[in-house]
Enquirer: 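Got a structure for you, questions after.
Here the structure is a predicted model, which is why all the values come from computation and not from measurement. One-based numbering, in listed order, for ligands and for the atoms of each.
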Amino acid sequence: MSNATLYYTTTSCGASNFIAAHRAGILGSKLEAYQADIGSHKVLTGPKAGSDFYAINPKGNVPTIVLADGTVLNENAATLQWIADNAVTSVGAANGTSERYLLQSKLSWISSELHGTVGGLFNPTISAEVREFVVAKSYQKLQFLNDVELADERKFFVGSGFTVADSYLYIVLSWSPYIKLDLSKFPKVEAYFKSISELDFVKEAHAAMAKASPSA
Ligand SMILES: N[C@@H](CCC(=O)N[C@@H](CS)C(=O)NCC(=O)O)C(=O)O
């Protein structure tokens, strides 16, 4: 059976899937990874380079994982759990355990609450008034992360080791300078982000994504 295929970009939420798959030890074995351009909706690398990304994923967004049986998966909460379930090095607790349900819950929170809120700030046509509203809402979410989820200054979002929830949360937090959110208001969030960014395999994954870029 052929491998599954991930489509991602180097800085979007799709990158969290590349980082998780790199850590899981499945790139080039169970999962091939190719880049897409979410502006032009074209595939950038791999055997389908130059083709219309909508033809692969009608939503046109990343992450997209095309499974070996042709199933098209997206939504981070699902794609990241596929990576966790196919990992060689664990990036998430086993199915059916309490910790796995916690992982699902946190992935859903990142997607619907945090990503779903801060994502609006990428819109260049947003008015000052709407921006003010979205920034206030984003800060509410980050405050919750700081005061509740990371209150004990934990290194990882779920359990005692790196999981797919960390790769997703880390990538969403990495957008802060571009969308002008001040992470220094949330010291525990800032410390968490720094600690994840300093992990060797996270740095390696960024280097591998840069190397795979058409502009490299
Ligand atoms: N609801 C999706 C959101 C995915 C998403 O927003 N992807 C962005 C990049 S971070 C994207 O591909 N945007 C381009 C587009 O929608 O055309 C999830 O939770 O995974």
Enquirer: For the residue pair His22 and Tyr8, is the inter-centroid distance of their aromatic rings smaller than 6.0 Å?
Expert: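 Between Tyr8 and His22, which both carry aromatic rings, the centre distance is not below 6.0 Å.
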Enquirer: Is there a nitrogen or oxygen of Val62 sitting under 3.5 Å from a nitrogen or oxygen of ligand 1?
Expert: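 Yes; at least one N/O pair falls below 3.5 Å.
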Enquirer: Could you find the nearest protein heavy atom to atom 3 (C) of ligand 1 and give me its residue, atom name and distance?
Expert: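 Answer, as residue, atom name and distance: His115 CE1, 4.0 Å.
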Enquirer: Under the salt bridge (charged side-chain N to carboxylate O under 4.0 Å, His left out) criterion, do Asp85 and Lys30 qualify, and how do the steps go?
Expert: CA-CA 11 Å; Asp85 286 340; Lys30 294 182 183 178; over 6 Å; no
Enquirer: If you take the centroid of each ring, where Trp contributes its six-membered ring, are Phe201 and Phe162 closer together than 6.0 Å?
Expert: yes
Enquirer: When you measure from atom 17 (O) of ligand 1 to every protein heavy atom, which one gives the shortest distance, and what is it?
Expert: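 For atom 17 (O) of ligand 1, the nearest protein heavy atom is His41 NE2, 2.9 Å.
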Enquirer: Would you say the side chains of Gln35 and Tyr7 form a donor-acceptor pair under 3.5 Å?
Expert: no
Enquirer: Taking the side chain as everything from C-beta on, heavy atoms only, tell me whether Leu31 gets closer than 4.5 Å to Trp82.
Expert: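 Side-chain contact under 4.5 Å: yes.
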Enquirer: Taking side chain as C-beta onward, heavy atoms only, is Ile65 less than 4.5 Å from Leu67?
Expert: yes
Enquirer: With only distance considered, is Tyr54 within less than 3.5 Å of ligand 1 through an N or O on each side?
Expert: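 No, there is no polar N/O contact under 3.5 Å.
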Enquirer: Which protein non-hydrogen atom lies closest to atom 18 (C) of ligand 1, naming both residue and atom, and how far is it?
Expert: Glu75 OE1, 3.2 Å
Enquirer: Which residue supplies the protein heavy atom nearest to atom 14 (C) of ligand 1, what is that atom called, and how far is it?
Expert: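 Sorting protein heavy atoms by distance from atom 14 (C) of ligand 1 puts Ile38 CB, 3.7 Å first.
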Enquirer: Considering non-hydrogen atoms of the protein only, which is the closest contact for atom 10 (S) of ligand 1, and what is the distance?
Expert: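 So the nearest neighbour among protein heavy atoms is Cys13 SG, 2.8 Å.
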Enquirer: So between Asp37, Asn61, Ile171, Asn17, whose heavy atom ends up nearest atom 16 (O) of ligand 1?
Expert: Asn61
Enquirer: Is the Tyr170-Phe157 ring centre distance short of 6.0 angstrom?
Expert: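 When the ring centroids of Tyr170 and Phe157 are compared, they turn out to be at least 6.0 Å apart.
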Enquirer: Under 4.0 Å from any heavy atom of Ser12, which atoms of ligand 1 are there?
Expert: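 By the 4.0 Å cutoff, the relevant atoms are 9 (C), 10 (S).
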Enquirer: What protein heavy atom is closest to atom 19 (O) of ligand 1, reported as residue, atom name and distance in Å?
Expert: Ser111 OG, 2.8 Å
Enquirer: What atoms in ligand 1 come closer than 4.0 Å to a heavy atom of Tyr168?
Expert: 19 (O)
Enquirer: Only heavy atoms of Gly60, strictly under 4.0 Å: list the atoms of ligand 1 that pass.
Expert: 15 (C), 17 (O)
Enquirer: Decide, yes or no, whether a salt bridge links Asp166 with Arg154 under the criterion of side-chain N to carboxylate O below 4.0 Å.
Expert: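 Result for this pair is no, no salt bridge flagged.
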Enquirer: Looking only at distance, does Trp175 have an N or O less than 3.5 Å from an N or O of ligand 1?
Expert: no
Enquirer: Determine whether Asn61 and Phe53 make a side-chain contact, defined as any pair of heavy atoms from C-beta on separated by less than 4.5 Å.
Expert: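 Sidechains of Phe53 and Asn61: no contact.
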